[in-house]
**Student:** 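I am attaching a structure below and will ask some questions about it afterwards.
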Amino acid sequence: MRIAFFDSGIGGLSVLEEALSRRPEVEFLYYADTDHVPYGQKSRAALIDYAGSAVSFLLAAGADAVVVACNTATAAAIDFLREQFAAPIFGMEPAVKPALAETAGRRVLVLATPLTLREQKLHHLLDAVDPAHCADLLPLPGLVAFAERREFDGPAVQDYLQQALAPFTLANYGAVVLGCTHFNYFKDSLAALLPAGIQFVDGCRGTINHVFHTL
Ligand code: DGL
């Protein structure tokens, strides 16, 4: 069994790491579409094109299943990919439901790319799981550029995050959803600015549970 992962760059490696740590005997392929990063600031039509090419490439390389290790590509292109290809295609979405379950009525801050935050997929999810409107949305496209430069902390990252978080009363929040796989590398930088005890919820474990359970 060969399972392929793809993302615009290094973000999806955090999802692959979860898979590798649990099933080291499985063969994994990883495709980083660095020609087209950042996905989060492209159109849906462009994403459908990039994701289609990535999946075609991975299936031709012998993949039996593909994990779209990218919330943005999933939001824009998962329906198209599933129509287009017969192989199992798994997606990712911001882990809003588990975050709401962990916070017992406190607010949840959903961090993702601009494209993920404006796509219908997320808004349908919020309608289904957040009837009390406890979730607030914050795009952080700058973190994708920092991650691709391997700059995960330091003054520039802290300044960027501080400015982005300034409009929020952070003491009201119980959890932060890392709704972009590139953001998983910034937990320490975010934790330095957020109230102690805030929960970070990413989609890695849930996605990989689903992949292994299904295959
Ligand atoms: N890592 C991707 C995600 O999970 C997107 C990063 C990008 O904008 O390229 O949404």
Side-chain angles (χ1 to χ4, degrees), residues 3-19 28-55 57-58 66-81 89-99 108-126 135 137-152 157 160-161 164 176-187 189-190 200-211:
I3 306 177
F5 288 66
F6 91 90
D7 182 32
S8 58
I10 65 168
L13 289 173
S14 56
V15 192
L16 173 59
E17 186 188 15
E18 174 75 26
F28 296 108
L29 305 176
Y30 189 82
Y31 179 101
D33 188 11
T34 48
D35 283 352
H36 300 120
V37 69
Y39 277 3
Q41 292 174 83
K42 304 287 189 325
S43 67
R44 183 201 289 183
L47 264 280
I48 286 175
D49 188 31
Y50 305 151
S53 302
V55 173
F57 175 85
L58 290 165
V66 177
V67 180
V68 183
C70 175
N71 296 265
T72 309
T74 301
I78 197 77
D79 294 340
F80 165 82
L81 295 174
I89 314 273
F90 299 91
M92 294 192 73
E93 64 184 3
V96 181
K97 194 176 176 187
V108 167
L109 190 57
V110 182
L111 310 179
T113 67
L115 189 148
T116 301
L117 295 182
R118 71 170 182 263
E119 278 294 322
Q120 276 189 349
K121 197 168 189 309
L122 178 65
H123 294 277
H124 286 155
L125 175 69
L126 291 170
L137 311 181
L138 175 61
L140 290 177
L143 288 189
V144 177
F146 282 121
E148 290 298 316
R149 293 201 297 268
R150 315 297 189 263
E151 191 176 342
F152 303 115
V157 171
Y160 174 75
L161 289 175
V176 168
V177 175
L178 298 163
C180 167
T181 53
H182 280 75
F183 299 175
N184 295 335
Y185 305 118
F186 294 93
K187 282 180 192 159
S189 290
L190 283 160
F200 288 99
V201 187
D202 66 44
C204 297
R205 190 173 315 146
T207 301
I208 295 307
N209 282 347
H210 178 56
V211 170

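Numbering of ligands and ligand atoms starts at 1, following listing order.
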**Student:** Excluding sequence neighbours, so at least two apart, what forms salt bridge (charged side-chain N to carboxylate O under 4.0 Å, His left out) with E17?
**Tutor:**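 E17: no salt bridge (charged side-chain N to carboxylate O under 4.0 Å, His left out) contacts found.
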**Student:** Of D7, D33, T72, which meets side-chain hydrogen bond (donor to acceptor under 3.5 Å, both in side chains) against Y39?
**Tutor:**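 Among D7, D33, T72, the one that satisfies the side-chain hydrogen bond (donor to acceptor under 3.5 Å, both in side chains) with Y39 is D33.
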**Student:** For the pair S8 (side chain) and P38 (backbone), establish whether a donor and an acceptor sit closer than 3.5 Å, ignoring hydrogens and angles.
**Tutor:** no
**Student:** How about I78 and E93: do any of their side-chain heavy atoms sit closer than 4.5 Å?
**Tutor:**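 Not touching, per the 4.5 Å side-chain cut-off.
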**Student:** Go through F6 and Y30 one step at a time and tell me if the ring pair (Phe, Tyr, Trp, His ring centres under 6.0 Å) criterion holds.
**Tutor:** CA-CA 6 Å; F6 91 90; Y30 189 82; 8.9 Å; no
**Student:** Name the residues in contact with ligand 1, where contact means a heavy atom under 4.0 Å away: which are they?
**Tutor:**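 Answer by chain and number: D7, S8, V37, P38, Y39, G40, C70, N71, T72, T113, V144, C180, T181, H182.
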**Student:** I need the single residue from L190, L143, D202 that forms a side chain to side chain contact (heavy atoms under 4.5 Å, CB included) with F183. Which is it?
**Tutor:** L143
